Number of protein chains: 2
Amino acid sequence: MITIKEIAKQLNMSTTTVSNVIHGKTSEVSDDTKKIVQDFLEKVDYVPNISARNLAQNESKIIGLALKARADKYENLIMDPFVSELIGGVEETIRNAGYFMMLYISSDTNEIMRHVSTWNVDGLILFGMLNDDGIRVSEKYKKPIVCIDTYSIEGLKHFTNVGLDDEQGTYDMVNYLISQGHKKIAFLSDNTNGVDLARLNGYKKALKDAKIKYSPSNFLKIRPHTKDLPESLEEICERSKEFTAIMCVSDLYAVTLMAAFADRGISVPDDISVAGFDDNMLGQLHRPALTTVHQNVKQKGTVAADTLLKQLKKIKTPNQIVLPTNLVIRDTVKKI
Amino acid sequence: MITIKEIAKQLNMSTTTVSNVIHGKTSEVSDDTKKIVQDFLEKVDYVPNISARNLAQNESKIIGLALKARADKYENLIMDPFVSELIGGVEETIRNAGYFMMLYISSDTNEIMRHVSTWNVDGLILFGMLNDDGIRVSEKYKKPIVCIDTYSIEGLKHFTNVGLDDEQGTYDMVNYLISQGHKKIAFLSDNTNGVDLARLNGYKKALKDAKIKYSPSNFLKIRPHTKDLPESLEEICERSKEFTAIMCVSDLYAVTLMAAFADRGISVPDDISVAGFDDNMLGQLHRPALTTVHQNVKQKGTVAADTLLKQLKKIKTPNQIVLPTNLVIRDTVKKI
DNA sequence: TTGTAGGCGTTATCAA
DNA sequence: TTGATAACGCCTACAA
């Protein structure tokens, strides 16, 4: 790999001049030398050494994407279609802006921080942080942070959040279920934190507005870890007889549930209605096609990255961005 | 961020000593000073500046994962469940070895090369390269390269390939279809290069061994790009009447096809049998569950990364690694 | 056992 | 318009 120093030597000029041409500081250099240098750069296929540049300018052109894995949930976080779509959106935006993305997956916040510090990452996108995780990070890391899907009022003082109107999403869907005549509606999720809690609240609100009583027994808990899944699905299918519709916190769970139903001869939507949340490939390819709450996941990623990029350019951004949802009525909910 | 120089100053010693302690060159330093330094490092939470280290040692501790996107195929490569599972395997292995992964997606080989050079990436994992793409890269890039799923005899002189016995996989499956009484078997794919060609060859071989004639009209071409997909699905469904079974080149296509069948009232496996290849979430969650050729995609990623890591340690590795496949018989193939 | 000094490739300051 | 030189943080050969 050829260096600026070497180029300067071969061209009988100083590194400064070469560097200036490279950076288009055209005012500083005569047209003649400019041309000479540019031709030479082209010829030798010069590529700068980023490490050296980082050291000299104290900026890395790296944006870190840190995914906090929940140890109990997936063996492999990235396999969640939601996560991979998100990464796709972030990666594309960062790349087009001339930055680089460093992906880091860990369940240990400290590990993430160490990683980010060694690389002197210019900005950080955080996903999967719970409650004050984000705040803890922002206290150590003094550069721009954008969180995705983090519910933390306190956090918004420290970082920007890109999220969804999760509550409104389930609220709308449960209202739709009610409009189709459903009264005994369960809510299925694996936890009641953050996003899941917001969706649960939307569900509860819709029930309340329709004067349907909510009971804790309406909450169906799925245990997604591979070894627990079959057993928890068995329980849920058993309990599903008490309901006419199930509002699932994600498409993945909705499709998983419908497969379990099919295995037991329970027919969707004839025996029971199912609604999802996300609108991803899984629900789109399912037959009957899943009625679900649409969100644009890729957009979530691009908006998060764009926002961070703006902050790096010192452009003011709102500290909370709420993306819309909308209902996608397909074939898994029956009018009763 | 505190530097070695600063630490040395505060401790009244030289940077060499501090550096030696950091690198565990314990023989070079007295136990007393070692302890002092270690305690101090702990206290100030020292994190090395990777750029500086890279510059000094001329190694980056980065492994590049370059995905060559085919412009015509996906808007977003990473959304392919195969790709995301692969990334998951690579990322995990690299991280556990103390390296860093830089993900780079592009359809332009030169762009990938430039990226890899600026970062002085220690090793490269390549996916999606066709024919001599990999060779072109290896001629410019003089460090270890591991390709995934690249079919290129010539290439094996230049790099290690981690692949699958794709031909055997479809061969086994088509034999199974034949054993179930099928004779009119189509093959569905979007191209006939690399992996797809190998799978097609396995299919042809099985037909030949069973003395069933292959005709080019047995090849059903799907056009996956969003705007073409519905039309190509319509054509395929129409043509499917000529066959009793369809061997699909991937689970994604098998599930996509079955959704199209369902929309037209064509029942799987009663009206037509379908087999896939990959064994991913899509086929597992489908009902009837997809009969498919299993491959361990995550393992593909981990093996590729492990192999590269070995090469970085100058450990010899075979220049071709072929992972096995096996049949997963589920419910989409009927005996006729 | 510890310290000094030079170099990695780039940028930036300031002088010529 | 161009060039010398120091600085970024770390590593290492060699000296003390």
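To find a chain, count down the sequence lines: A is the first, B the second, and so on, and within it residues start at 1. Quick caveat: nothing in here was measured; it's all calculated off a predicted structure.
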Interatomic distance, [X] [atom1] vs [N] [atom2] [rounded to whole Å]:
| X | N | atom1 | atom2 | result |
| --- | --- | --- | --- | --- |
| E6(B) | dC10(D) | CD | C1' | 15 Å |
| N49(A) | dC10(D) | CG | C1' | 14 Å |
| N58(A) | dC10(D) | CG | P | 12 Å |
| H23(A) | dA12(C) | NE2 | P | 7 Å |
| I7(A) | dG9(C) | CD1 | P | 12 Å |
| K35(A) | dT1(D) | NZ | P | 18 Å |
| I50(B) | dG9(C) | CD1 | P | 18 Å |
| D31(B) | dT2(C) | CG | P | 10 Å |

Of the candidate nucleotides [options], which contains the atom at the shortest distance from the side chain of [X]?
| X | options | answer |
| --- | --- | --- |
| S30(A) | dT2(D), dT10(C), dA12(C) | dT2(D) |
| I4(B) | dT4(C), dC10(D), dT10(C) | dC10(D) |
| A56(A) | dT11(C), dT4(C), dG9(D) | dT11(C) |
| M13(B) | dC8(C), dG3(C), dC8(D) | dG3(C) |
| L55(B) | dG9(C), dG3(D), dC11(D) | dG9(C) |
| S19(B) | dG9(C), dC11(D), dG3(D) | dC11(D) |
| T16(B) | dC11(D), dA13(D), dG9(D) | dA13(D) |
| P48(B) | dC10(D), dT2(C), dG9(C) | dC10(D) |
| K5(B) | dT4(C), dC8(D), dT11(C) | dC8(D) |

Less than 3.5 Å apart, any donor N or O on the side chain of Q10(B) or E6(B) sitting next to an acceptor on the other?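 A donor-acceptor contact under 3.5 Å links the two side chains.
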Salt bridge check: are D31(B) and K34(B) linked by an N-O gap of less than 4.0 Å?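 No, this pair does not count.
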With respect to the phosphate group of dG9(D), does any side-chain polar atom (N or O) of Y46(B) fall under 4.0 Å of OP1 or OP2?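 No, no such contact exists.
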Are R53(B) and dC11(D) close enough that a side-chain N or O sits under 4.0 Å from OP1 or OP2?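 Yes, because at least one side-chain N or O of R53(B) sits under 4.0 Å from OP1 or OP2 of dC11(D).
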Heavy-atom nearest nucleotide on DNA chain C for T33(B) versus Q57(B): which residue maps closer to 5'?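 The residue closer to the strand's 5' end, by nearest nucleotide, is T33(B).
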Using heavy atoms to find the nearest nucleotide of DNA chain C for S14(B) and S51(A) separately, return the residue whose nucleotide is more 5′.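 Nearest nucleotide further toward 5': that of S14(B).
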If you count every heavy atom of other residues, nucleotides or ligands that lies below 6.0 Å from [X] atom [atom1], does the total exceed 12?
| X | atom1 | answer |
| --- | --- | --- |
| E42(B) | CD | no |
| I315(A) | CD1 | yes |
| K310(B) | NZ | no |

Is [X] reaching over with its side chain to a backbone N or O of [Y], donor-acceptor style, under 3.5 angstrom?
| X | Y | value |
| --- | --- | --- |
| Y141(B) | V121(B) | yes |
| N161(A) | T150(A) | yes |
| S106(B) | I112(B) | no |

Let me test you: for the helix from dT1(C)-dA16(D) to dA16(C)-dT1(D), what is the angle between the axes at its two ends (five pairs each), rounded to 10 degrees?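 The end-segment axes of the helix from dT1(C)-dA16(D) to dA16(C)-dT1(D) are tilted 40° relative to each other.
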At 4.0 Å (heavy atoms only), tell me whether D32(A) reaches a base, stays on the sugar-phosphate, or touches nothing.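 It contacts nothing in the nucleic acid.
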